[in-house]
There are 2 protein chains.
Amino acid sequence: MTLDTLDRRILDLYQRDTRVPSERIGAAVGLSAAAVQRRLKRLREAGVIVAETAQLDCRALGLGVTAIVHVDLIDESARAAHAFRDRLVARSEVQQCYGVAGSIDYVLVVIVPDLAAYDAFCADCLLHDANVRSFTTHVVLDAAKRGGGLAVPQA
Amino acid sequence: MTLDTLDRRILDLYQRDTRVPSERIGAAVGLSAAAVQRRLKRLREAGVIVAETAQLDCRALGLGVTAIVHVDLIDESARAAHAFRDRLVARSEVQQCYGVAGSIDYVLVVIVPDLAAYDAFCADCLLHDANVRSFTTHVVLDAAKRGGGLAVPQA
DNA sequence: AATGAAATTTATGCCGG
DNA sequence: CCGGCATAAATTTCATT
């Protein structure tokens, strides 16, 4: 799918706040509300818009601990790595999961109520896994930016 | 602010897809559509719902490179760390920024069109900064989960 | 504090250009 | 592919319990 400049400008506005009316977006980009909606629909169907979600305040929900976890695997073959990944992605505590190049194999963002829950998560998913060589935990002290929008290239 | 079981169940549904009608949420939790909306409004005003955003497909936008960057600072004092953090958070390439405990000081998720843009970002924000002792880049090969919802505790 | 209905706003579908 | 209008749906407000 090809995105024109209008699509990009719409996305740039829309991604930050999905509640802004199409009419306002249209006014900003020089299009009618109907045209904006047509494009948003197309962008959803094409998978450019992956999801429309709400970002919640972890603290208010009693999710007091965020940890960034580095995992080093023993067997890094595709089969073994995918098995590991699929198990982690299925866990609700794992908010993000990235397979990376370099000295480590996976980076996770884990969000849990407290350290006891984090401990339980590690026991379940990491300590218990024969393919995990080692892992390192970095407890987040200051979540300065949790899910900023993307820098939509206007080119 | 205090969240009851109904609030938590509403949030659990709503955070994954903000486009599901309040009537359907109400049917799921045993409330009228109006009651669901009143609660959502309260949750927004209280800051429990931080933002309502769209998740976009990086590839489709031409954002082909995601990197996880570890930064080690020289001066970790609050003043110096905040200065560093504030500068980074203001950059649109920095999608996430966490101050962490442990052997490193900050973890960033940086999303850019290509490696040239990543190089430019590093030059601007990291190499150029006298307070950055060192940094390590982990290029993401497989973004298995980019922004999963939270595991809303139903307690 | 929730419900139901009315009023407003927002989104969707269709048609002519 | 756009704009405008008609229709439908969703959200907000208000009165009531």
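Naming convention: chains lettered A, B, ... in sequence-line order (proteins, then strands); numbering from 1 in each chain.
- Between the CG atom of B/D17 and the P atom of D/dA10 there is a distance of 13 Å, given to the nearest Å.
- With sequence neighbours left out, the side-chain contact (heavy atoms from CB on, under 4.5 Å) criterion links A/A54 to A/L56, B/Y14, B/Q15, B/T18, B/I49, B/E52.
- Neither B/V69 nor B/V139 shares a network with the other; the hydrophobic side chains, linked directly or stepwise wherever heavy atoms of I, L, V, M, F, W or Y lie under 4.5 Å apart, form separate groups for each.
- Proximity note for B/A35 (side chain, C-beta onward) versus D/dG3, C/dT10, C/dT3: the nearest is C/dT3.
- Taking CG from A/L11 and CG from A/L150, the interatomic distance works out to 9.5 Å, rounded to the nearest 0.5 Å.
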I would like to know whether B/L61 and B/D57 meet side chain to side chain contact (heavy atoms under 4.5 Å, CB included); could you show each step before the answer?
CA-CA 7 Å; B/L61 294 171; B/D57 180 349; over 6 Å; no

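- Using bins of under 30°, 30° to 60° and over 60° for the plane-to-plane angle, the ring pair A/H138/B/H70 lands in the tilted bin.
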Pairs: protein N or O with nucleotides 13-17 of chain C N or O, under 3.5 Å:
unit_1: C/dG13; atom_1: OP2; unit_2: A/K41; atom_2: NZ; d: 3.3

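- Contact between the side-chain N/O atoms of B/S22 and the OP1/OP2 oxygens of D/dT11 is found at a separation under 4.0 Å.
- Applying the salt bridge (charged side-chain N to carboxylate O under 4.0 Å, His left out) test to B/R59 and every residue at least two apart in sequence or in another chain returns nothing.
- The CD atom of B/Q37 sits 5 Å away from the C1' atom of D/dT11 (whole-angstrom rounding).
- Atoms CG (A/L31) and P (D/dC2) sit 5 Å apart, rounded to a whole Å.
- The listed nucleotides are C/dT10, C/dT12, D/dA10; the one nearest the side chain of B/P21 is D/dA10.
- Between A/L40 atom CG and D/dC2 atom P the separation is 12 Å, expressed in whole Å.
- Counting to the nearest Å, the P atom of C/dT3 and the CZ atom of B/R39 are 9 Å from each other.
- Between B/L43 atom CG and D/dT12 atom P the separation is 13 Å, expressed in whole Å.
- Between A/R42 and A/R19, the residue anchored closer to the 5' end of DNA chain D is A/R42, taking for each the nucleotide with the nearest heavy atom.
- Taking atom CD1 on B/I49 and atom P on D/dT11, their separation rounds to 12 Å, with Å as the unit.
- Here the CD1 atom belonging to A/I68 is positioned 7.5 Å from the CD1 atom belonging to B/I104, to the nearest 0.5 angstrom.
- The distance from atom CG of A/L6 to atom P of D/dG3 is 9 Å, rounded to the nearest whole Å.
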